[in-house]
Amino acid sequence: MQQPIILANKVCKSFGDVQVLDHIDLTVARGEVLCLIGPSGSGKSTFLRCINHLEKIDAGALYVDGELVGYRRVGNRLYELRDAEVAAKRADIGMVFQSFALFDHMTALGNVIEAPIHVKREARKEATERAEALLDRVGLGHRMNAYPSELSGGQKQRVAIARALAMRPKLMLFDEPTSALDPELVGEVLDVMRLLAADGMTMVVVTHEMAFAREVGSAVAFMDGGRVVEYGPPGSIFENPQHERTRAFLSKIL
């Protein structure tokens, strides 16, 4: 059996006295699209941030592509990786946030080539050619010289996706990528994500877009109170949820 790209085993995380993740068990296969749904404060975004060690877990184990996230095991002991080692591993994981986090003083093209040149030490010519192709892929080839202030919210988010893809990630994480957008701009970002899924990109998506989760997701995990309450294929979760909490949540948003 092929090794999963993500394996979470009894993952726990607390902020002070509040337990945000409570023994999370999840597996994401290569090429799968896992959609995390649930009410605000259920731990979805925190789990996403733990995957690339933006947050440190307190207990359990979290693996990406067979390697512990943030730690090295020597015998029976775990040693935290140095910042440079964490950054190197994080470069293989693309992340798209709610806020676009673009550099305002750089054009769309400049934003996309920045990390490949300065983190992966790619030649500027190679990075630029790839960035132009990626911006064209997300429908912004004609706006590559525009600055963020000249772009709509949907266009900014598509630049952010192209920027993440420029690092050639093995995994893409999306943290409610459409929540900051006007309703009429949501579709253009979801269309790009559909294309990525169709191309076989492994994705974990925190979303309130239930139609997207139902249509594109390989699996859906409903989270509440820091736990995975229910997990399964989209058809099962949306059409025949087994847990009362899942039914109550879906009844309010569908």
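Start at 1 with the first residue, then count along the sequence. Below, all heavy atoms of this structure are taken into account, side chains as well, without hydrogens, waters or symmetry copies.
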CA sep, side-chain torsions, deciding dist, call: V206, F47, side chain to side chain contact (heavy atoms under 4.5 Å, CB included): CA-CA 10 Å; V206 174; F47 177 67; over 6 Å; no
Could you tell me the separation between the [atom1] atom of [X] and the [atom2] atom of [Y], rounded to the nearest 0.5 Å?
{"X": "I93", "Y": "I6", "atom1": "CD1", "atom2": "CD1", "answer": "7.5 Å"}
{"X": "I57", "Y": "C12", "atom1": "CD1", "atom2": "SG", "answer": "8.5 Å"}
{"X": "R163", "Y": "L102", "atom1": "CZ", "atom2": "CG", "answer": "5.0 Å"}
{"X": "S40", "Y": "E176", "atom1": "OG", "atom2": "CD", "answer": "6.5 Å"}
{"X": "L173", "Y": "C50", "atom1": "CG", "atom2": "SG", "answer": "11.0 Å"}
{"X": "E32", "Y": "T27", "atom1": "CD", "atom2": "OG1", "answer": "8.5 Å"}

Write down the atom of [X], the atom of [Y], and the distance for their closest heavy-atom approach.
{"X": "G153", "Y": "L185", "result": "N-CD1, 4.0 Å"}
{"X": "L109", "Y": "A131", "result": "CD1-CB, 3.6 Å"}
{"X": "V69", "Y": "N52", "result": "CG1-C, 4.5 Å"}
{"X": "V11", "Y": "A61", "result": "CG2-O, 3.4 Å"}
{"X": "T202", "Y": "A29", "result": "CG2-O, 3.7 Å"}
{"X": "S42", "Y": "M223", "result": "CB-O, 3.4 Å"}

Answer yes or no: is there an ion pair linking [X] with [Y], defined by an N-O contact shorter than 4.0 Å?
{"X": "K56", "Y": "E80", "result": "yes"}
{"X": "R72", "Y": "E67", "result": "no"}
{"X": "R194", "Y": "E215", "result": "yes"}
{"X": "D22", "Y": "K13", "result": "no"}
{"X": "E129", "Y": "K125", "result": "yes"}

Full working for side chain to side chain contact (heavy atoms under 4.5 Å, CB included) between R143 and L135: CA-CA 8 Å; R143 300 290 280 155; L135 285 168; over 6 Å; no
Under 4.5 Å between side-chain heavy atoms, counting indirect links through other Ile/Leu/Val/Met/Phe/Trp/Tyr residues: same cluster for [X] and [Y] or not?
{"X": "F100", "Y": "L151", "value": "yes"}
{"X": "V28", "Y": "L196", "value": "no"}
{"X": "M144", "Y": "V159", "value": "yes"}
{"X": "I113", "Y": "Y147", "value": "no"}
{"X": "L26", "Y": "V33", "value": "no"}

Full working for salt bridge (Lys or Arg N to Asp or Glu O under 4.0 Å) between R168 and E122: CA-CA 12 Å; R168 297 184 173 91; E122 289 185 12; 2.6 Å; yes
Looking at side-chain heavy atoms only, is the closest gap between [X] and [Y] below 4.5 Å?
{"X": "V228", "Y": "D25", "result": "no"}
{"X": "I51", "Y": "M95", "result": "no"}
{"X": "M172", "Y": "V205", "result": "no"}
{"X": "L165", "Y": "R137", "result": "yes"}
{"X": "Q242", "Y": "N240", "result": "yes"}
{"X": "V216", "Y": "M193", "result": "no"}
{"X": "I117", "Y": "R121", "result": "no"}
{"X": "T178", "Y": "Q157", "result": "no"}

Distance-only donor-acceptor check, side chains D175 and S45, under 3.5 Å: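 Checked: D175/S45 side chains pair up, N/O donor to acceptor below 3.5 Å.
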T246-E230 side chain donor-acceptor pair, cut-off 3.5 Å: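 Side chains of T246 and E230: pair found under 3.5 Å.
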Would a distance-only check, ignoring hydrogens and angles, find a side-chain to backbone donor-acceptor pair under 3.5 Å from [X] to [Y]?
{"X": "Q3", "Y": "R30", "answer": "no"}
{"X": "S14", "Y": "D17", "answer": "no"}
{"X": "R90", "Y": "H53", "answer": "yes"}
{"X": "S236", "Y": "G232", "answer": "no"}
{"X": "E114", "Y": "N111", "answer": "no"}
{"X": "E209", "Y": "A211", "answer": "no"}

Member of R158, K156, E188 meeting the side chain to side chain contact (heavy atoms under 4.5 Å, CB included) criterion with L140: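 It is R158, the one option of R158, K156, E188 that forms the side chain to side chain contact (heavy atoms under 4.5 Å, CB included) with L140.
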Criterion side chain to side chain contact (heavy atoms under 4.5 Å, CB included) on L181 and V189, from CA distance to verdict: CA-CA 9 Å; L181 302 180; V189 174; 3.5 Å; yes
K10 atom NZ: more than 12 heavy-atom contacts under 6.0 Å: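 No, NZ of K10 has 12 or fewer neighbouring heavy atoms, counting only those of other groups under 6.0 Å.
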Within 6.0 Å of CZ in R214, more than 12 heavy atoms from elsewhere: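 More than 12 within 6.0 Å, yes.
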Under the side chain to side chain contact (heavy atoms under 4.5 Å, CB included) test, residues paired with D83 that sit two or more places apart: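 Result, side chain to side chain contact (heavy atoms under 4.5 Å, CB included) vs D83: none returned.
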Derivation of the side chain to side chain contact (heavy atoms under 4.5 Å, CB included) call for R49 and K44: CA-CA 9 Å; R49 292 172 64 84; K44 307 183 301 297; over 6 Å; no
Hydrophobic cluster of I37, others only, ordered by chain and residue number, side-chain cut-off 4.5 Å: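 Direct or chained contacts put I37 with M210, V220, F222, V229, I237, F238, F249, L250, I253, L254.
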Other cluster members, F15 - Ile/Leu/Val/Met/Phe/Trp/Tyr, side-chain contacts below 4.5 Å: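 Cluster partners of F15: V18, V20.
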